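Heads up, the thing below is written out as structure tokens.
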Amino acid sequence: MPELPEVQTVVDNLNSLGIVGRCFTGAEVRWPKTVDGLSPGDFIQNIRGCTIRRILRRGKYIVMHLSQGKTLLIHLRMTGRLNWEPAAKAHNKHEHVILRVEGKGELRFQDTRKFGRITMTSSPETVLGKLGPEPLTRAFTADRFHRMLHSRSCAVKPLLLDQKFIAGLGNIYVDESLWKAGIHPLRLSSSLSETEVGRLHRAVRHVLKKGLRNLGTTLGSGEGNFYSVAGRRGRNADELYVFRRTGRDCPRCGMRIERIIVAQRSSHICPECQRQST
DNA sequence: AGTCTTGTTCGACT
DNA sequence: CAGTCGAACAAGAC
């Protein structure tokens with residue numbers, strides 16, 4: 001499940017591939033729904049001849065600015081992944097969109113569950129502008145976070161998962177952050193004290209940076225899990241505090257980690273460190 | 001062989 | 001309007 005650290009890892013990989021400055025010479029669309037908004041024919045026609053200008057991340061989107069005023073927005077959703085392969089190599093059955101790059105390589109969008117999307121647009125801000133602040137920027141201060149949380153009145157976990165509220169967090173890093181801050185996922189956002197918000201602010205930034213340093217979280221061994229462009233696994237799974245560690249000991253107090261459902265999503269908590277009050 | 005799981009978006013409902 | 005809930009998407013794991 002690619003979240004901010006995983007998407008950033010992919011973007012960093014793409015930037016070191018040496019494809020910036022090169023152009024797309026063609027494309028193949030084997031699963032039309034992966035391409036958002038355009039027919040496969042239109043998409044192929046549009047991308048052919050476009051030069052890759054810049055590759056960056058916003059929230060969980062891979063943003064690829066192209067020439068001719070176009071931008072590719074790639075969202076990996078749950079099992080999406082980008083592979084960089086020689087054109088000669090046979091494609092596997094989950095590689096749904098093939099982007100040929102000038103030279104000898106191909107960028108292939110692989111996605112077992114087919115939830116991922118590639119959007120070609122001339123106005124990326126229509127999509128990206130709706131996203132909440134980036135948690136790792138300087139503009140995201142504890143004070144601002146406090147005001148954000150107090151402007152809403154709902155459980156803190158679903159709020160942190162809401163990309164319009166804050167961009168880049170998913171189930172893994174939210175559970176890790178809440179544990180680190182000692183806050184129960186069902187706590188009412190507006191009930192969090194300044195101290196608690198301060199802890200949560202630090203925790204969010206801490207777990208994201210740790211994930212980034214470890215080049216992402218890869219759980220299990222199935223191919224739907226996270227792998228970088230070069231096919232490498234992230235190392236962060238070994239350093240998770242609570243996520244998917246139900247029944248094991250809380251690293252802080254030794255109590256058994258529990259799994260509860262919050263907003264139809266599984267949540268991992270330490271019942272001792274994360275007491276529920278509201 | 002059927003059920004469950006998974007993240008995100010969207011529509012229906014309170 | 002604000003917030004909550006369930007469905008839909010698709011395929012693999014069990």
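Lettering follows sequence order; numbering is per chain, from 1. Bear in mind that the values here come from a model prediction, so they are computed numbers and not experimental data.
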Worksheet item: What does R117(A) touch in the nucleic acid at a heavy-atom separation under 4.0 angstrom: a base, only the sugar-phosphate, or nothing?
Response: nothing
Discussion item. I'd like to know whether the aromatic ring centres of Y61(A) and H75(A) sit less than 6.0 Å apart in this structure.
Written reply: yes
Worksheet entry | ring-ring contact (aromatic ring centres under 6.0 Å, His included) assessment of H201(A) paired with F140(A) | CA-CA 9 Å; H201(A) 180 259; F140(A) 181 69; 5.1 Å; yes
Worksheet, complete the sentence: When rounded to whole Å, the CD1 to C1' distance for the pair I172(A) and dG7(B) reads 11 Å
Discussion item. Students often get this wrong, so: under 4.0 angstrom with heavy atoms, is R152(A) touching a base, only sugar-phosphate, or nothing?
Written reply: sugar-phosphate
Discussion item. Does H96(A) reach a base, just sugar-phosphate, or nothing at all? Heavy atoms under 4.0 Å.
Written reply: nothing
Item to complete: Name the nucleic acid region contacted by N171(A), choosing base, sugar-phosphate or nothing; use a 4.0 angstrom heavy-atom cut-off, strictly under.
Response: sugar-phosphate
Response to the item:
Winner on side-chain proximity to M78(A), out of dG7(B), dG12(C), dT4(C), is dG7(B)
Fill in: Modelled atom types, side-chain donor and acceptor of T34(A) and K114(A), under 3.5 Å
no
Discussion item. Using a 4.0 Å heavy-atom cut-off, does M1(A) contact any base of the nucleic acid, only the sugar-phosphate backbone, or nothing at all?
Written reply: sugar-phosphate
Discussion item. Whole angstroms only, please: what is the CG-P distance between L4(A) and dT8(B)?
Written reply: 12 Å
Worksheet item: NA contact type, S153(A), heavy-atom cut-off 4.0 Å: base, sugar-phosphate, or nothing?
Response: sugar-phosphate
Worksheet item: Is the ring centre of F115(A) under 5.5 Å from the base ring centre of dC9(C), and are the two planes under 30° apart, so that they stack?
Response: yes
Worksheet, complete the sentence: Paired with K60(A), the side-chain contact (heavy atoms from CB on, under 4.5 Å) test is passed by just one of L4(A), V7(A), L76(A), namely V7(A)
Discussion item. What is the separation between atom CD on Q264(A) and atom P on dT9(B), rounded to the nearest whole Å?
Written reply: 15 Å
Worksheet item: To the nearest angstrom, how far is R77(A) atom CZ from dG7(B) atom P?
Response: 12 Å
Fill in: Protein-nucleotide distance (R265(A), atom CZ; dC5(C), atom C1'), rounded to Å
14 Å
Fill in: Pair assignment for DNA chain B - dot-bracket with | for other-strand partners, Watson-Crick or G-U under 3.5 Å
.|||||||||||||
Fill in: V174(A)-M1(A) co-clustered via ILVMFWY side chain contacts under 4.5 Å
yes
Worksheet, complete the sentence: Here the distance between atom P of dG7(B) and atom CZ of F165(A), to the nearest Å, is 20 Å
Worksheet item: OP1, OP2 of dG12(C) versus side-chain N and O of H94(A): anything below 4.0 Å?
Response: yes
Item to complete: Classify the side-chain pair T217(A)/Y173(A) by whether it contains a donor and acceptor separated by less than 3.5 Å.
Response: yes
Worksheet item: In whole Å, what is the span from the CG atom of L186(A) to the C1' atom of dT4(C)?
Response: 13 Å
Response to the item:
Result for side-chain contact (heavy atoms from CB on, under 4.5 Å) between R30(A) and one of E95(A), H94(A), R108(A), H91(A) points to H91(A)
Worksheet item: What's the closest nucleotide to the Y61(A) side chain, out of dT9(B), dA11(C), dG7(B)?
Response: dT9(B)
Discussion item. Can you identify which nucleotide, out of dG12(C), dA10(C), dT5(B), has its nearest atom closest to the R259(A) side chain?
Written reply: dT5(B)
Worksheet item: Where the side chain of H75(A) is defined as all heavy atoms beyond and including C-beta, which of dA10(C), dG3(C), dT8(B) is the nearest nucleotide?
Response: dT8(B)
Item to complete: Report yes or no: is the cationic atom of R252(A) (NZ for Lys, CZ for Arg) under 6.0 Å from the centre of the six-membered ring of W179(A), at an angle within 45° of the ring normal?
Response: yes
Worksheet entry | Value in whole Å for how far the P atom of dT9(B) lies from NZ of K33(A) | 15 Å
